[in-house]
*Asks:* 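Below is the structure I would like to discuss, written out as C-alpha cells.
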Amino acid sequence: MSTTFNLDTATSRANPTPQPMRRLTVPAIRARKQDGVTAEPIVMLTAYTARQAQLLDSHCDLLLVGDSLGQVIYGLPSSVPVTMDMMANHGAAVVRGSYHAVVVVDLPFGTYEGSAEQAFATAAHLLKETGAAAVKLEGGEAMAPTVAFLVQRGIPVMGHVGLTPQAINVLGGYGPRGRSEAEAAKIVGDARALDQAGAFAIVLEGVVEPLGAEVTRAVSCPVIGIGASAQCDGQVLVTDDMVGMFERVPRFVKRFDNVAAIIANAAETYAAEVRSRAFPGPEQTYQPK
Ligand code: KIV
C-alpha cells in the first residue's frame, strides 16, 4: 500500500494516510451480519497508542481501546482501577493514529453501572474527548436498559458478556464461563437482552466452545469472540498478547510473533555496544566536514 502525506479533512491533521482509506462506520459493522450470516468475519484488535493504531489500522475493522490497558500498559493487577483519564488519553491517541477502523473505547469500571444517566454522561464525555465512534460496556441483562438508553440518545454500544473481567471480584478468577447449564443459559439470555436493547455487536469472552457457537446463532448482531469459538462472527485479541509481548497468556491466545524477544535482543546488543564504546559509531555521530 502506498503512503502519501495528506490533509485528513475529518480531523484537519496532516498525516501519512494510506490511500484509499475511509473510516468504516458502526452501521457498516452491524450490517456485516445479515439474517444470521456473516460472510466476512470481523477483525478486531486492541490498541492503546497512536503508533500501535497506525500499524494495526489497515488490517482491522475495529480497534478496541480496551481497559486491559490497565494491566498491559500500567501494570495494574486488574481492570478495576482503570480511570476515565486513562481511557480518554489512550482513546484519543488511537483515534489520531487511525483512519480506517471503527474505534471503540471501554467504559471503565465504576463509571457507568450506577444508572443509565451516569452511563450516558461517561460515554458522551469519552466520545467527545477521544473522537471514538462507540463505547463498550460489560454486563448482560442488567445492563440492557442502559444500552437502550445510550443507543436511543446517539451512542453506539458494544456489549461484553461471558467472562467479564471488571467483575473479577465477584467471579473469583478468569476461568471459562458457561460450564453449567444454568450459567450457559444465563449467558445466552444476557446476549439476547443486549441484542434486543440495540447493541451493534457483542464481545463474548472466555466461554466453553459449544456456547460460543450457540450465542452467535442466538442473536442478530455480530458476536466477536475472544476465547469463545471460531464460529463467532469475528474475533478480538489483546494485541500485546498476540504479538508475544508476554510470557504468560491465556490458553486461547495464539502468539503470531515474538516481539518480546526482538526488544530484549535489541536491548542486549545496544548495552553491549555502549559498554564496549562501539556506540555511537561514525554513522551515528556528526563528523566535521
Ligand atoms: O479490555 C479489553 O481488552 C477487552 C478485550 C479483551 C475484549 O475487553
Side-chain angles (χ1 to χ4, degrees), residues 1-6 8 11 13-19 21 43-79 81-83 85-101 103-106 130 132 165 174 205-206 226-227 235-289:
M1 188 185 298
S2 70
T3 301
T4 52
F5 281 89
N6 265 1
D8 180 351
T11 62
R13 285 181 283 115
N15 259 306
T17 307
Q19 299 289 335
M21 190 59 85
V43 179
M44 179 159 95
L45 281 170
T46 62
Y48 313 121
T49 67
R51 183 62 182 142
Q52 206 180 25
Q54 284 175 331
L55 296 172
L56 303 175
D57 189 37
S58 64
H59 306 287
C60 292
D61 302 306
L62 295 143
L63 291 176
L64 172 66
V65 188
D67 59 359
S68 52
L69 63 75
Q71 293 103 310
V72 176
I73 302 283
Y74 291 95
L76 294 168
S78 74
S79 52
V82 168
T83 66
D85 282 349
M86 290 178 189
M87 298 313 298
N89 290 336
H90 289 276
V94 168
V95 171
R96 282 196 292 273
S98 62
Y99 289 88
H100 166 72
V103 178
V104 180
V105 181
D106 261 339
T130 62
Y174 293 103
E205 177 165 0
I226 172 164
Q235 301 294 329
V236 57
L237 282 177
V238 170
T239 297
D240 297 67
D241 291 342
M242 189 266 302
V243 300
M245 273 295 282
F246 296 104
E247 292 285 296
R248 292 189 58 218
V249 290
R251 195 175 123 194
F252 57 76
V253 172
K254 178 173 172 186
R255 261 203 219 164
F256 288 81
D257 219 317
N258 194 349
V259 169
I262 293 171
I263 294 174
N265 289 342
E268 188 182 356
T269 308
Y270 165 73
E273 290 193 13
V274 170
R275 290 188 179 116
S276 64
R277 297 199 190 283
F279 177 85
E283 298 83 15
Q284 293 94 34
T285 49
Y286 298 104
Q287 305 295 327
K289 291 221 168 95

*Asks:* Can you give me the closest heavy-atom contact between Val82 and Gly70, atom names plus distance?
*Replies:* CG2-CA, 3.6 Å
*Asks:* How many angstroms lie between CD in Glu273 and CD in Gln284, if you round to the nearest 0.5 Å?
*Replies:* 8.0 Å
*Asks:* How close do Pro77 and Tyr174 get, heavy atom to heavy atom, and via which atoms?
*Replies:* O-OH, 4.3 Å
*Asks:* Rounded to the nearest 0.5 Å, what separates atom CG in Asp85 from atom NE2 in His90?
*Replies:* 10.0 Å
*Asks:* Check whether any side-chain heavy atom of Val249 lies under 4.5 Å from a side-chain heavy atom of Met242, and answer yes or no.
*Replies:* no
*Asks:* Which pair of heavy atoms, one from Ala101 and one from Asp57, lies closest together, and at what distance?
*Replies:* N-OD1, 2.8 Å
*Asks:* Please identify which of these residues, Asn89, Ile73, Leu64, meets the side chain to side chain contact (heavy atoms under 4.5 Å, CB included) condition with Tyr48.
*Replies:* Ile73
*Asks:* About how many Å separate CG of Leu63 and CG of Leu45, when rounded to the nearest 0.5 Å?
*Replies:* 7.5 Å
*Asks:* Per the side chain to side chain donor-acceptor pair (under 3.5 Å) rule, what does the pair list look like for residues 240-253, sequence neighbours excluded?
*Replies:* Gln52-Asp240
*Asks:* Please report the shortest heavy-atom distance between Ala53 and Val94, naming the atom on each side.
*Replies:* CB-O, 3.5 Å
*Asks:* Applying ring pair (Phe, Tyr, Trp, His ring centres under 6.0 Å), which residue pairs with at least one partner in residues 245-273 are found, sequence neighbours left out?
*Replies:* Tyr270-Phe279
*Asks:* For a quick test of reading the model, state the closest non-hydrogen atom pair linking Val103 to Ser98 and the distance between them.
*Replies:* CG2-OG, 3.5 Å
*Asks:* Consider side chain to side chain contact (heavy atoms under 4.5 Å, CB included). Of Asn258, Val72, Val259, Asp257, which one does Met245 pass it with?
*Replies:* Val259
*Asks:* Show the numbers, then the answer: is there a side-chain contact (heavy atoms from CB on, under 4.5 Å) between Met86 and Asp67?
*Replies:* CA-CA 9 Å; Met86 290 178 189; Asp67 59 359; over 6 Å; no
*Asks:* Check Gly91 against Val105 and note the closest heavy-atom contact, atom names and distance.
*Replies:* CA-CG2, 4.4 Å
*Asks:* Take Thr239 and Leu56 through the test side-chain contact (heavy atoms from CB on, under 4.5 Å) and record every step on the way to the result.
*Replies:* CA-CA 9 Å; Thr239 297; Leu56 303 175; 3.6 Å; yes
*Asks:* Please list, chain by chain and in numerical order, all residues satisfying side chain to side chain contact (heavy atoms under 4.5 Å, CB included) with Val43, sequence neighbours excluded.
*Replies:* Cys60, Asp61
*Asks:* Please test Val65 against Asp106 for side-chain contact (heavy atoms from CB on, under 4.5 Å), starting from the C-alpha separation and ending with a verdict.
*Replies:* CA-CA 6 Å; Val65 188; Asp106 261 339; over 6 Å; no
